[in-house]
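So you know, we letter chains A, B, ... as the sequences are listed, proteins then strands, and number each from 1.
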Amino acid sequence: MVPDVATRHLEAPLLLVHLGSCGADLKPALYSAVGHQQVDDKHVAVFLAEAHGLKEHVAANKTLSLNANRPGVNECYQLKGPCVSIEPPSPAHLERWQQCRDNFVDQLSQMGYPKETLTAFFARPEVVVTMEVVEVYVQTPGPEAGKRIAPPEAV
Amino acid sequence: MKVHSDFRAATDQGIPAAICTCDKEGVPNVTILSKVYWVDDEHVAISFQFFSKTIRNVRENPFVGLRLLDLPKHQSWVLDLEYVRSETEGDVFDEMDMAIQAIASMTGMEGIFKLQAADIYKVHSCRALPWGDE
(Lines give C-alpha, C1' and ligand atoms only; values in the text may rest on other atoms or scores of the structure.)
Protein backbone atom coordinates (compact mmCIF):
# COMPACT_ATOMS: atom_id res chain seq x y z
CA MET A 1 0.00 0.00 0.00
CA VAL A 2 1.29 3.46 -0.89
CA PRO A 3 1.47 5.54 2.32
CA ASP A 4 -0.14 8.98 2.40
CA VAL A 5 3.20 10.80 2.43
CA ALA A 6 4.21 9.08 -0.82
CA THR A 7 0.79 9.71 -2.38
CA ARG A 8 1.12 13.43 -1.64
CA HIS A 9 4.63 13.33 -3.09
CA LEU A 10 3.39 11.68 -6.30
CA GLU A 11 0.80 14.44 -6.65
CA ALA A 12 3.42 17.20 -6.62
CA PRO A 13 3.20 19.30 -9.78
CA LEU A 14 6.94 19.14 -10.36
CA LEU A 15 8.32 15.63 -10.15
CA LEU A 16 11.15 13.95 -12.03
CA VAL A 17 10.52 10.20 -12.25
CA HIS A 18 12.93 7.44 -13.27
CA LEU A 19 12.21 3.73 -13.62
CA GLY A 20 14.89 1.07 -13.09
CA SER A 21 14.95 -2.55 -14.21
CA CYS A 22 17.40 -5.45 -14.15
CA GLY A 23 18.27 -7.88 -16.93
CA ALA A 24 18.99 -11.60 -16.79
CA ASP A 25 22.71 -10.72 -16.79
CA LEU A 26 22.18 -8.54 -13.66
CA LYS A 27 22.90 -5.40 -15.68
CA PRO A 28 20.50 -2.55 -14.86
CA ALA A 29 18.65 -0.21 -17.19
CA LEU A 30 17.21 3.19 -16.44
CA TYR A 31 14.32 5.03 -18.10
CA SER A 32 13.17 8.65 -17.75
CA ALA A 33 9.42 8.97 -17.30
CA VAL A 34 7.38 11.56 -19.17
CA GLY A 35 4.50 11.29 -16.72
CA HIS A 36 3.05 9.10 -14.00
CA GLN A 37 -0.23 8.33 -12.32
CA GLN A 38 -1.19 6.67 -9.08
CA VAL A 39 -3.81 4.16 -10.22
CA ASP A 40 -5.03 3.12 -6.76
CA ASP A 41 -3.53 2.58 -3.31
CA LYS A 42 -1.33 -0.28 -4.60
CA HIS A 43 -0.47 0.60 -8.17
CA VAL A 44 1.41 3.33 -10.00
CA ALA A 45 1.58 3.81 -13.78
CA VAL A 46 4.67 5.30 -15.40
CA PHE A 47 4.69 6.77 -18.92
CA LEU A 48 7.83 6.13 -20.97
CA ALA A 49 8.72 7.66 -24.32
CA GLU A 50 11.41 5.00 -24.75
CA ALA A 51 11.43 1.50 -23.25
CA HIS A 52 14.10 -0.35 -25.19
CA GLY A 53 14.81 -3.71 -23.53
CA LEU A 54 12.30 -3.27 -20.70
CA LYS A 55 10.09 -6.24 -21.65
CA GLU A 56 13.12 -8.54 -21.72
CA HIS A 57 14.23 -7.26 -18.33
CA VAL A 58 10.79 -7.79 -16.80
CA ALA A 59 10.69 -11.31 -18.20
CA ALA A 60 13.93 -12.02 -16.30
CA ASN A 61 13.30 -9.95 -13.17
CA LYS A 62 9.80 -8.68 -12.46
CA THR A 63 10.75 -6.16 -9.80
CA LEU A 64 10.94 -2.52 -10.86
CA SER A 65 12.16 0.50 -8.96
CA LEU A 66 10.59 3.94 -9.33
CA ASN A 67 12.43 7.02 -8.12
CA ALA A 68 10.33 10.18 -7.71
CA ASN A 69 12.38 13.29 -7.07
CA ARG A 70 11.20 16.87 -6.53
CA PRO A 71 13.91 19.03 -8.09
CA GLY A 72 14.98 22.00 -6.04
CA VAL A 73 13.71 20.76 -2.69
CA ASN A 74 15.67 17.46 -2.57
CA GLU A 75 12.58 15.48 -1.54
CA CYS A 76 12.75 11.96 -2.91
CA TYR A 77 11.02 8.59 -2.49
CA GLN A 78 11.63 5.20 -4.08
CA LEU A 79 8.87 2.68 -4.78
CA LYS A 80 9.58 -0.98 -5.52
CA GLY A 81 7.42 -3.85 -6.69
CA PRO A 82 6.57 -6.18 -9.55
CA CYS A 83 5.62 -5.05 -13.02
CA VAL A 84 1.94 -5.71 -13.67
CA SER A 85 1.66 -4.61 -17.29
CA ILE A 86 3.39 -2.85 -20.17
CA GLU A 87 0.88 -1.51 -22.68
CA PRO A 88 0.33 1.27 -25.21
CA PRO A 89 -1.13 4.47 -23.73
CA SER A 90 -4.91 4.86 -23.72
CA PRO A 91 -6.64 8.20 -24.43
CA ALA A 92 -7.00 8.65 -20.65
CA HIS A 93 -3.24 8.06 -20.21
CA LEU A 94 -2.47 10.65 -22.88
CA GLU A 95 -4.74 13.15 -21.15
CA ARG A 96 -2.83 12.56 -17.90
CA TRP A 97 0.50 12.81 -19.77
CA GLN A 98 -0.47 16.25 -21.08
CA GLN A 99 -1.39 17.30 -17.55
CA CYS A 100 2.02 16.12 -16.24
CA ARG A 101 3.79 17.90 -19.08
CA ASP A 102 1.91 21.16 -18.56
CA ASN A 103 2.60 21.11 -14.81
CA PHE A 104 6.29 20.34 -15.36
CA VAL A 105 6.75 23.03 -18.00
CA ASP A 106 4.86 25.61 -15.94
CA GLN A 107 6.85 24.93 -12.75
CA LEU A 108 10.32 24.69 -14.26
CA SER A 109 9.90 27.61 -16.65
CA GLN A 110 9.33 29.75 -13.56
CA MET A 111 12.86 28.73 -12.51
CA GLY A 112 14.25 30.07 -15.77
CA TYR A 113 14.37 26.96 -17.97
CA PRO A 114 13.19 27.51 -21.58
CA LYS A 115 9.65 26.24 -22.24
CA GLU A 116 10.74 24.79 -25.59
CA THR A 117 13.34 22.60 -23.88
CA LEU A 118 10.95 21.43 -21.17
CA THR A 119 8.22 20.60 -23.69
CA ALA A 120 10.70 18.65 -25.82
CA PHE A 121 11.65 16.50 -22.82
CA PHE A 122 8.05 15.39 -22.35
CA ALA A 123 7.84 13.46 -25.64
CA ARG A 124 4.68 11.45 -26.32
CA PRO A 125 4.73 8.18 -24.33
CA GLU A 126 5.28 4.93 -26.20
CA VAL A 127 4.26 2.65 -23.34
CA VAL A 128 2.61 2.77 -19.95
CA VAL A 129 4.21 0.58 -17.30
CA THR A 130 2.06 -0.31 -14.31
CA MET A 131 3.73 -1.63 -11.18
CA GLU A 132 2.40 -2.89 -7.89
CA VAL A 133 3.94 -0.96 -5.01
CA VAL A 134 5.22 -3.39 -2.39
CA GLU A 135 7.88 -1.26 -0.68
CA VAL A 136 8.42 2.49 -0.28
CA TYR A 137 11.71 4.05 0.86
CA VAL A 138 12.68 7.57 1.87
CA GLN A 139 15.50 8.90 -0.30
CA THR A 140 15.52 12.53 0.80
CA PRO A 141 19.10 13.30 1.86
CA GLY A 142 19.43 13.29 5.65
CA PRO A 143 19.09 10.96 8.63
CA GLU A 144 15.98 9.21 7.26
CA ALA A 145 17.54 8.40 3.87
CA GLY A 146 17.21 4.71 3.05
CA LYS A 147 14.47 4.10 5.63
CA ARG A 148 11.64 1.84 4.50
CA ILE A 149 8.27 3.39 5.34
CA ALA A 150 6.03 0.79 3.72
CA PRO A 151 5.78 -1.76 5.08
CA PRO A 152 7.25 -0.08 8.19
CA GLU A 153 10.59 -1.39 9.39
CA ALA A 154 10.49 -3.49 12.57
CA VAL A 155 11.64 -1.44 15.58
CA MET B 1 35.02 2.68 -25.05
CA LYS B 2 35.73 6.42 -25.38
CA VAL B 3 33.49 8.82 -23.49
CA HIS B 4 31.87 11.28 -25.91
CA SER B 5 33.31 14.77 -25.49
CA ASP B 6 29.81 16.28 -25.36
CA PHE B 7 29.07 14.13 -22.33
CA ARG B 8 31.88 15.83 -20.45
CA ALA B 9 30.24 19.20 -21.13
CA ALA B 10 26.89 17.85 -19.93
CA THR B 11 28.39 16.86 -16.56
CA ASP B 12 29.17 20.54 -15.94
CA GLN B 13 25.58 21.77 -16.43
CA GLY B 14 24.64 21.23 -12.79
CA ILE B 15 21.80 18.85 -13.65
CA PRO B 16 21.50 15.87 -11.27
CA ALA B 17 21.88 12.40 -12.79
CA ALA B 18 19.93 9.21 -12.05
CA ILE B 19 21.74 5.96 -11.32
CA CYS B 20 20.42 2.40 -11.24
CA THR B 21 22.13 -0.56 -9.55
CA CYS B 22 20.95 -4.13 -8.90
CA ASP B 23 21.53 -6.58 -6.09
CA LYS B 24 22.37 -10.23 -6.72
CA GLU B 25 18.68 -11.14 -6.72
CA GLY B 26 18.01 -8.76 -9.62
CA VAL B 27 16.19 -6.11 -7.60
CA PRO B 28 16.96 -2.65 -9.02
CA ASN B 29 17.62 0.48 -6.97
CA VAL B 30 17.37 3.99 -8.42
CA THR B 31 18.73 7.11 -6.82
CA ILE B 32 19.72 10.66 -7.75
CA LEU B 33 23.30 11.94 -7.93
CA SER B 34 24.13 15.60 -7.58
CA LYS B 35 26.98 15.24 -10.07
CA VAL B 36 28.87 12.78 -12.27
CA TYR B 37 32.60 13.50 -12.61
CA TRP B 38 34.53 13.01 -15.82
CA VAL B 39 37.89 11.33 -15.05
CA ASP B 40 39.37 10.48 -18.46
CA ASP B 41 38.27 9.19 -21.87
CA GLU B 42 37.27 5.82 -20.42
CA HIS B 43 36.23 6.51 -16.83
CA VAL B 44 33.81 8.59 -14.76
CA ALA B 45 33.62 8.99 -10.98
CA ILE B 46 30.68 9.01 -8.59
CA SER B 47 30.83 10.15 -4.99
CA PHE B 48 30.52 7.66 -2.14
CA GLN B 49 29.07 9.69 0.74
CA PHE B 50 26.89 7.23 2.67
CA PHE B 51 26.95 3.45 2.86
CA SER B 52 23.72 3.46 0.90
CA LYS B 53 21.87 0.72 -0.95
CA THR B 54 23.61 1.93 -4.11
CA ILE B 55 27.04 1.36 -2.59
CA ARG B 56 26.04 -2.04 -1.15
CA ASN B 57 24.71 -3.12 -4.55
CA VAL B 58 27.81 -1.94 -6.43
CA ARG B 59 30.11 -3.82 -4.07
CA GLU B 60 28.28 -7.11 -4.86
CA ASN B 61 27.33 -6.39 -8.50
CA PRO B 62 29.53 -3.81 -10.27
CA PHE B 63 27.22 -2.98 -13.17
CA VAL B 64 25.50 0.42 -13.19
CA GLY B 65 23.12 2.28 -15.49
CA LEU B 66 23.21 6.07 -15.56
CA ARG B 67 21.11 8.80 -17.20
CA LEU B 68 21.90 12.48 -17.44
CA LEU B 69 19.72 15.15 -19.05
CA ASP B 70 21.45 17.45 -21.53
CA LEU B 71 19.05 20.39 -21.64
CA PRO B 72 20.76 22.55 -24.31
CA LYS B 73 20.94 19.65 -26.75
CA HIS B 74 17.46 18.21 -26.00
CA GLN B 75 18.81 14.74 -25.32
CA SER B 76 19.59 12.26 -22.55
CA TRP B 77 22.95 10.62 -22.01
CA VAL B 78 22.69 6.91 -21.28
CA LEU B 79 25.77 5.20 -19.88
CA ASP B 80 26.56 1.61 -18.94
CA LEU B 81 29.26 1.54 -16.27
CA GLU B 82 31.25 -0.96 -14.22
CA TYR B 83 32.73 -0.19 -10.81
CA VAL B 84 36.54 -0.44 -10.80
CA ARG B 85 37.92 0.97 -7.53
CA SER B 86 37.53 3.58 -4.78
CA GLU B 87 39.98 6.44 -4.23
CA THR B 88 40.29 8.27 -0.92
CA GLU B 89 42.93 10.78 -1.99
CA GLY B 90 44.26 12.43 -5.13
CA ASP B 91 43.00 14.92 -7.71
CA VAL B 92 39.63 13.27 -8.38
CA PHE B 93 38.86 12.93 -4.68
CA ASP B 94 39.88 16.55 -3.95
CA GLU B 95 37.82 17.97 -6.83
CA MET B 96 34.81 15.92 -5.76
CA ASP B 97 35.18 16.95 -2.12
CA MET B 98 35.22 20.64 -3.02
CA ALA B 99 32.22 20.31 -5.31
CA ILE B 100 30.21 18.41 -2.70
CA GLN B 101 30.89 21.02 -0.03
CA ALA B 102 29.79 23.73 -2.48
CA ILE B 103 26.56 21.87 -3.31
CA ALA B 104 25.93 21.23 0.40
CA SER B 105 26.37 24.91 1.12
CA MET B 106 24.02 25.97 -1.68
CA THR B 107 21.30 23.49 -0.66
CA GLY B 108 21.53 23.91 3.12
CA MET B 109 22.94 20.40 3.55
CA GLU B 110 26.19 21.26 5.32
CA GLY B 111 27.18 18.47 7.69
CA ILE B 112 24.98 15.94 5.86
CA PHE B 113 27.06 15.53 2.70
CA LYS B 114 30.48 14.06 3.51
CA LEU B 115 32.72 12.39 0.96
CA GLN B 116 34.01 8.92 1.90
CA ALA B 117 35.58 8.03 -1.44
CA ALA B 118 35.58 8.77 -5.14
CA ASP B 119 34.28 5.61 -6.84
CA ILE B 120 35.81 5.12 -10.29
CA TYR B 121 33.76 3.43 -13.03
CA LYS B 122 34.78 2.14 -16.43
CA VAL B 123 32.46 3.34 -19.21
CA HIS B 124 31.25 0.43 -21.37
CA SER B 125 28.84 2.51 -23.46
CA CYS B 126 27.97 6.18 -23.72
CA ARG B 127 25.20 7.25 -26.09
CA ALA B 128 22.93 10.24 -26.54
CA LEU B 129 19.18 9.72 -27.04
CA PRO B 130 17.40 12.69 -28.63
CA TRP B 131 14.18 13.29 -26.69
CA GLY B 132 11.84 13.28 -29.66
CA ASP B 133 13.20 9.89 -30.77
CA GLU B 134 13.25 8.29 -27.34
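- Checking side-chain atoms of A:Asn61 against main-chain N and O of A:Gly23 turns up a donor-acceptor pair under 3.5 Å.
- Of the two parts of A:Ser21, only the backbone, made up of N, CA, C and O, holds a non-hydrogen atom closer than 4.5 Å to a non-hydrogen atom of chain B.
- For chain A, the nearby parts of B:Thr31 are the backbone and the side chain; heavy atoms of each come within less than 4.5 Å.
- Only the backbone of A:Leu64 has a heavy atom closer than 4.5 Å to any heavy atom of chain B.
- Only the backbone of A:Ala29 comes within less than 4.5 Å of a heavy atom in chain B; its side chain stays farther off.
- Two residues are said to be in side-chain contact when any heavy atoms from C-beta on lie closer than 4.5 Å; B:Phe48 and B:Leu115 fail this criterion.
- Contact annotation for B:Asn61: only side-chain heavy atoms (C-beta onward) come within less than 4.5 Å of a heavy atom of chain A.
- For A:Arg8 (side chain) and A:Glu11 (main-chain N/O), no donor-acceptor pair under 3.5 Å exists by modelled atom type.
- You'll find the side chain of B:Asp6 reaches within 4.5 Å of the side chain of B:Trp77, heavy atoms only.
- Chain B forms more heavy-atom pairs under 4.5 Å with one residue of A:Ala60, A:Cys22, A:Gly146 than with any other, namely A:Cys22.
- In this structure the side chain of A:Ile86 reaches within 4.5 angstrom of the side chain of A:Leu54, judged on heavy atoms.
- Distance check: B:Leu129 CG to B:His74 NE2 gives 15.0 Å after rounding to the nearest 0.5 Å.
- Highest contact tally toward chain A, considering only B:Ser52, B:Ser34, B:Pro28, B:Gly65, is held by B:Pro28 [criterion: heavy-atom pairs under 4.5 Å].
- Heavy atoms closer than 4.5 Å to chain A are found nowhere in B:Glu82, neither backbone nor side chain.
- By the 6.0 Å contact criterion, NE2 on A:His52 is open, its count of non-hydrogen atoms from other residues, nucleotides or ligands being 12 or less.
- Only the backbone of B:Ile19 comes within contact range of chain A, judged by heavy atoms closer than 4.5 Å.
- Both the sub-6.0 Å distance and the 45° axial angle are satisfied by B:Lys35 relative to the ring of B:Tyr37.
- Only the side chain of B:Ile15 comes within less than 4.5 Å of a heavy atom in chain A; its backbone stays farther off.
- Considering only heavy-atom pairs separated by less than 4.5 Å from chain A, the leading option among B:Thr21, B:Leu66, B:Ile32 is B:Ile32.
- Contact annotation for A:Lys80: only side-chain heavy atoms (C-beta onward) come within less than 4.5 Å of a heavy atom of chain B.
- Among B:Pro62, B:Pro16, B:Cys20, the residue making the largest number of heavy-atom pairs under 4.5 Å with chain A is B:Cys20.
- Contact annotation for A:Tyr137: neither backbone nor side-chain heavy atoms come within less than 4.5 Å of a heavy atom of chain B.
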(request) Decide yes or no on ring pair (Phe, Tyr, Trp, His ring centres under 6.0 Å) for A:Trp97 and A:Phe47, but give the supporting numbers first. (result) CA-CA 7 Å; A:Trp97 160 66; A:Phe47 308 158; 8.5 Å; no

